[in-house]
Amino acid sequence: MSSDIRVRFCPSPTGNPHVGMVRTALFNWAFARHNKATFVFRIEDTDTARDSEDSYNQLLDSLKWLGLTWDEGPEVGGPYGPYRQSERMDLYREVVEKLLAANFAYRCFCSVEELEEQREIQKKAGTTPGYSGRCRDLSDAEQEAFREQGRKPAIRFRMPGIDLTWDDLVRGELSFAKEHVPDFVIVRATGEPLYTLVNPVDDALMHITHVLRGEDLLSSTPRQIAMHNALAQIGVGSGRLPFFGHLPYVMGEGNRKLSKRDPESALLMYREEGFLPEGLLNYLALLGWSMGDDQEFFSIQEMAERFDIKRVSGNPARFDLKKCTAINGDWIRSLTPEDLSGRLIPFLVKDNLLPEIPNQTQQDLVRRATPLVQERMETLRQGAAMLGFLFFQDAGVQDEATSGTRPFEIEASELSQITPEAKSILTFALDALSKLDDWNHGAIEALLRAELLEKHGFKPKNAFGPIRLATAGRRVSPPLFESLELLGKARSLHRIESALNV
Ligand code: GLU
């Protein structure tokens, strides 16, 4: 690291990782790499009711899958650890004591009902809602009296009573009037510290210099600025206010904000469908940022080289699954067949088309078949589905490629395509192919064309469809003649023959 710049990605481990989160991680990562800075990964797990270990593991797993490496954080450690907030409770208690002692915070004894009453009064009077300030200046005796009533205090931060302004890295100068940012709770009456405390405290303690995060957190920034100023005065952290930059909203269908609940926001979905990390990240980079020369296809390393926070737009970005998928297709086409076949194998395994550890014949077959599907797929899952026919079992036919896990069958929805005309085509094809000794795609093609088109006068569209269906079991498959070559003579003939009996 050759600069003092430090950024952080600090998700809360609740629910499944989503694309909005990944976009934030990516922009922080690119900013860090561009500036030879430090990328800190911190887990904000202070909400025991909502956080889960599963979600924590998924977060780590997701960043690793995406290749967004962190310099400090879980598993790698660092000078400002621990990096899980649940392990930092003693630090927060200490800071709270200091804030109380310096009068930057105070104990608030108001009950939920009383706060509700205050809100009602403000509503009726038409004044800005917010904490009334009732407990701001309680004497020791008044506090004691409340305690005697059995009340347990929450801890509130005392806002400085000034308008707060900052120069947002994305949105320019922003200002919040003092009336709109009332005193806020930092520790619940139960003793539980809140995001309002632990997030800026850790940013200060971890010497974070730039906070890049989603626009949904904009309203917490004036509070955090006030908190940083207080922390600087009591000697907690670096004493320097971080720069703030708010990344634009990501919109989903119908001009609504993309929500965690939208299926296209679930990161896991992309992994399961066979998006490449490169493709997904390339698309997410475009949500609010651009290379500046209309270039839309780039790696995150190229993004990092060119990343300039000034090029982040303040306008909402629209999430478009079609475009995301198309970019993934571009990435798939850019891989070497060797690389692509390696990525397809786990998908074939997952679909029970290959055993956990494929044998050499099976691996070779995937490698040979990959170039045939590379142009025809946008996701690895689609590719695996197209290659599946090579590995199904054919009763009574011995073949090293057969995975032994799933018997071959024609997709049920396609069975009606095996019409009497289709059967006569299959009969002619079977007859001709069984006499072919030199089993390669050129010879297969020449033979089938001569037999079906020239001799029997079928149109190509009608002639080859049934053979594809009989041998691949589905309509979308790699090119027919190459497929038959890869499948081998025995299995091809066996399948055509079986189709005659459906
Ligand atoms: N834990 C917060 C969240 O996940 C972090 C927000 C921030 O970046 O300040 O929303």
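We count ligands from 1, going down the list as the structure has it; atoms in each ligand are counted the same way.
Relative orientation of the Trp166 and Phe176 rings is parallel, given thresholds of 30° and 60° on the angle between their planes.
In this structure the side chain of Val366 reaches within 4.5 angstrom of the side chain of Phe391, judged on heavy atoms.
Considering CD of Glu179 and CG of Asp163, their distance stands at 6.5 Å, rounded to 0.5 Å.
Geometrically, Arg223 engages Phe184 in a cation-pi contact defined by less than 6.0 Å to the ring centre and at most 45° from the axis. Figure legend: Arg84 and Tyr56 shown as a cation-pi pair, the cationic atom lying under 6.0 angstrom from the six-membered ring centre and within 45 degrees of its axis.
The side chain to side chain donor-acceptor pair (under 3.5 Å) contacts involving residues 289-301 comprise Ser290-Arg311, Asp293-Arg306, Glu296-Lys323, Ser299-Glu302, where partners must be two or more places apart or lie in separate chains.
Closer than 4.0 angstrom to ligand 1 by heavy atom are Arg8, Cys10, Pro11, Ser12, Glu44, Tyr195, Asn199, Arg213, Leu217, sorted by chain and number.
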